[in-house]
2 protein chains.
Amino acid sequence: MTTASASLAALDDFRPDSPNRPAARWYFIYVALKEAILTHAIEPGTKLPEDELGEIYSSSRTLVRSALQALAHDRLVTLELNRGAFVAKPTRLEAREIFEARAIIEPTVAALAAQAATPADIERLRRHLEEEHVALHEGRNGEAVDLSGKFHVAIAEIAHQTVLTEFVRSLCSRSSLIVALYWRRRDAMCESHAHHALVDAIAANSPQDAREIMSSHLVDLLSGLDLSDRPPEPKKLTDILRRPA
Amino acid sequence: MTTASASLAALDDFRPDSPNRPAARWYFIYVALKEAILTHAIEPGTKLPEDELGEIYSSSRTLVRSALQALAHDRLVTLELNRGAFVAKPTRLEAREIFEARAIIEPTVAALAAQAATPADIERLRRHLEEEHVALHEGRNGEAVDLSGKFHVAIAEIAHQTVLTEFVRSLCSRSSLIVALYWRRRDAMCESHAHHALVDAIAANSPQDAREIMSSHLVDLLSGLDLSDRPPEPKKLTDILRRPA
DNA sequence: TTTCCGATTGTTGTATACAAAACTGCCGTG
DNA sequence: CACGGCAGTTTTGTATACAACAATCGGAAA
């Protein structure tokens with residue numbers, strides 16, 4: 001499982017431990033839930049009850065709660081006091097802001113990556129592209145979306161900017177939720193040519209090209225979404241639905 | 001207490017609740033600790049034992065742990081497995097990356113703010129400047145640093161970019177730790193003229209000016225730090241301190 | 001029939017108890 | 001005297017018990 005191994009790798013160098021220390025147990029739950037959310041295995045808005053998750057991962061609610069809190073900080077989950085955890089449902093406004101943020105950050109990051117990229121980096125990106133391709137053609141759409149996000153993260157990693165990489169990772173994760181909610185044509189998610197062009201520009205060490213390709217790629221992505229301004233969600237159903245049928 | 005009220009305000013629109021719900025109790029501990037860290041009341045590297053904090057806030061370790069985990073996600077605290085929580089000590093490398101990230105994000109944010117600013121916003125910024133001024137002249141240096149960060153956040157808020165605002169907030173928090181660790185001249189923290197210039201540019205709705213002032217302001221800040229490349233921290237004391245005296 | 005109220009049930013919030021790991025200091029050995 | 005290892009102590013990790021809150025359902029009153 002390619003996504004699983006990728007997650008496992010991320011597990012080492014992440015959060016709750018100094019290097020080479022076994023990760024805290026809640027972190028496994030966190031990773032598992034995160035993957036399920038990012039691959040669209042769980043729908044936005046789904047309730048995530050602590051007891052149930054505890055059974056699934058055969059642990060106490062304590063660990064589940066830690067994992068949920070971490071996911072909440074990632075904005076992949078919403079915690080409502082006394083009501084529990086739900087897979088986040090970014091509003092259209094949030095969605096626009098996320099893509100505006102990406103438009104500000106990622107082109108520059110791509111340019112930095114183009115400056116810093118080594119042949120090994122290029123190799124890695126191309127392998128990644130291949131994975132995406134396979135996932136897409138095998139109809140594993142959720143995973144394809146996830147991989148597509150990880151591609152953007154990979155570029156940030158090449159730029160050797162850990163802080164910005166974290167931001168990109170966060171933005172891509174949230175973008176995955178946005179795609180789940182607002183993607184226009186659910187089927188036929190055309191394999192974006194932009195990713196290939198991006199790798200080429202980075203391989204050629206052309207920062208300016210990379211910047212521009214990334215920039216228009218993000219515009220493309222955005223144009224595939226339905227983020228029109230209308231009822232971003234009827235503010236108060238109570239007021240509107242008085243006397244229904 | 002100006003900082004306290006600011007924190008309280010932040011408390012409403014933040015994390016663990018849908019609008020107008022009373023915040024979870026751990027969140028108060030989180031806010032209190034965060035303020036202590038950001039105002040340099042606690043030194044980077046300080047151990048934060050759960051029991052002790054539990055006594056201080058007269059709550060169980062459960063709540064303390066939640067707060068610490070949240071702070072860890074903010075990178076203001078480091079959690080080491082089976083060893084506990086410590087106030088984070090960003091390395092020089094991290095520090096540089098944080099300021100590189102700021103240099104990429106904040107000038108654009110300032111430009112957006114200059115486009116969007118209303119007279120009320122300007123008013124707010126000027127009041128903020130005044131607070132900074134007072135804190136500085138009363139010798140409350142820690143709070144001055146904190147307020148100076150909040151000024152940057154306020155600009156982001158004016159730009160109406162919630163996502164970017166969060167990023168700026170995070171970067172400023174971490175910058176506060178960096179200042180605590182690597183600030184060159186501890187005394188005589190010259191009151192930066194840049195903030196005033198920034199407000200003027202924003203008041204004049206001059207995006208380009210705002211962008212450039214912010215850009216050079218960040219360079220200035222960076223130049224006040226000692227982030228030289230040398231032993232960013234002796235990698236392994238064991239290797240270096242063999243046979244001391 | 002509709003609406004409001006209260007009991008019931010389920011889920012989350014918090015405290016506490018216990019297990020496991022790390023730190024400390026002591027003591028024996030080289 | 002230095003080193004290494006073995007308790008004892010302290011602190012964290014995890015599970016569980018109990019309290020508090022919210023959601024639901026049913027029944028009584030309008």
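A, B, ... follow the sequence lines: proteins, then strands. Residue 1 opens every chain.
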A.B. asks: To the nearest Å, give me how far apart CZ (A:F86) and P (C:dT11) are.
C.D. replies: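 Taking CZ of A:F86 and P of C:dT11, I get 12 Å after rounding.
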A.B. asks: Whole Å only: how far is the CD atom of A:Q69 from the P atom of C:dT12?
C.D. replies: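 Distance check: A:Q69 CD to C:dT12 P gives 14 Å.
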A.B. asks: Tell me whether the side-chain N/O atoms of B:K47 come closer than 4.0 Å to OP1 or OP2 in C:dA22.
C.D. replies: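 It does not, given that no N or O in the side chain of B:K47 lies less than 4.0 Å from OP1 or OP2 of C:dA22.
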A.B. asks: Could you check which of C:dA22, C:dT12, D:dA15 has an atom nearest any side-chain atom of A:L63?
C.D. replies: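 The nucleotide sitting nearest to the side chain is D:dA15.
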A.B. asks: For B:R65 and D:dG13, is the shortest distance between a side-chain N/O and OP1 or OP2 below 4.0 Å?
C.D. replies: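 For D:dG13, OP1/OP2 do have a side-chain N/O of B:R65 under 4.0 Å.
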A.B. asks: Checking contacts here: which listed nucleotide (C:dT14, C:dT12, D:dG13) is nearest the side-chain heavy atoms of B:L81?
C.D. replies: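 Of C:dT14, C:dT12, D:dG13, D:dG13 is nearest to the side chain of B:L81.
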A.B. asks: Which nucleotide wins on minimum distance to the side chain of A:T62, given the candidates C:dC23, C:dA22, D:dT14?
C.D. replies: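 It is D:dT14.
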A.B. asks: Nearest whole angstrom, please: distance from the P of D:dT14 to the CZ of A:F28.
C.D. replies: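 It is 11 Å, rounded to the nearest whole Å.
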A.B. asks: Can you measure A:E55 atom CD to C:dG10 atom C1' for me and round it to whole angstrom units?
C.D. replies: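 Rounded to the whole Å, the gap is 15 Å.
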A.B. asks: Apply side chain to side chain donor-acceptor pair (under 3.5 Å) to the pair A:S59 and A:R25, showing each step before the final yes or no.
C.D. replies: CA-CA 9 Å; A:S59 76; A:R25 263 178 55 204; 5.3 Å; no
A.B. asks: To the nearest angstrom, how far is B:D51 atom CG from D:dT10 atom P?
C.D. replies: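 Value for this atom pair: 11 Å.
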A.B. asks: Is it true that a side-chain atom of A:T165 and a backbone atom of A:A156 form a donor plus acceptor pair closer than 3.5 Å?
C.D. replies: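 Looks like yes, one N/O pair under 3.5 Å.
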A.B. asks: In whole Å, what is the span from the CG atom of A:N82 to the C1' atom of D:dA22?
C.D. replies: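 Those two atoms, CG and C1', are 7 Å apart.
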A.B. asks: Do the side-chain N or O atoms of B:S60 get closer than 4.0 angstrom to the phosphate oxygens (OP1, OP2) of C:dA15?
C.D. replies: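 Yes.
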A.B. asks: Please enumerate all residues that pass side chain to side chain donor-acceptor pair (under 3.5 Å) together with A:E100, with sequence neighbours excluded.
C.D. replies: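 Scan of A:E100 (side chain to side chain donor-acceptor pair (under 3.5 Å), adjacent residues dropped) gives B:Q161.
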A.B. asks: Against B:S175, only a single residue in B:L218, B:V145, B:I98, B:L225 fulfils side chain to side chain contact (heavy atoms under 4.5 Å, CB included); can you say which?
C.D. replies: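 One option only clears the test, and that one is B:I98.
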A.B. asks: Classify A:R25 by what it touches in the nucleic acid, base, sugar-phosphate, or nothing, heavy-atom distance under 4.0 Å.
C.D. replies: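 Contact class for A:R25: sugar-phosphate only.
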A.B. asks: What's the closest nucleotide to the side chain of A:E50 if the choices are C:dT12, D:dA22, D:dT12?
C.D. replies: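 Comparing C:dT12, D:dA22, D:dT12 against the side chain of A:E50, the answer is C:dT12.
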A.B. asks: What's the closest nucleotide to the B:R61 side chain, out of C:dA15, C:dT12, D:dT14?
C.D. replies: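 It is D:dT14.
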A.B. asks: Expressed as a whole number of angstroms, how long is the span from B:Y27:OH to C:dT12:P?
C.D. replies: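 Atom-to-atom, B:Y27 to C:dT12, this comes out as 22 Å.
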A.B. asks: Tell me the interatomic distance from B:W26, atom CH2, to D:dA20, atom C1', rounded to whole angstroms.
C.D. replies: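 Those two atoms, CH2 and C1', are 19 Å apart.
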A.B. asks: Going by atom types only, do A:H73 and B:D74 share a side-chain donor-acceptor pair under 3.5 Å?
C.D. replies: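 Yes, B:D74 and A:H73 have a side-chain donor paired with an acceptor closer than 3.5 Å.
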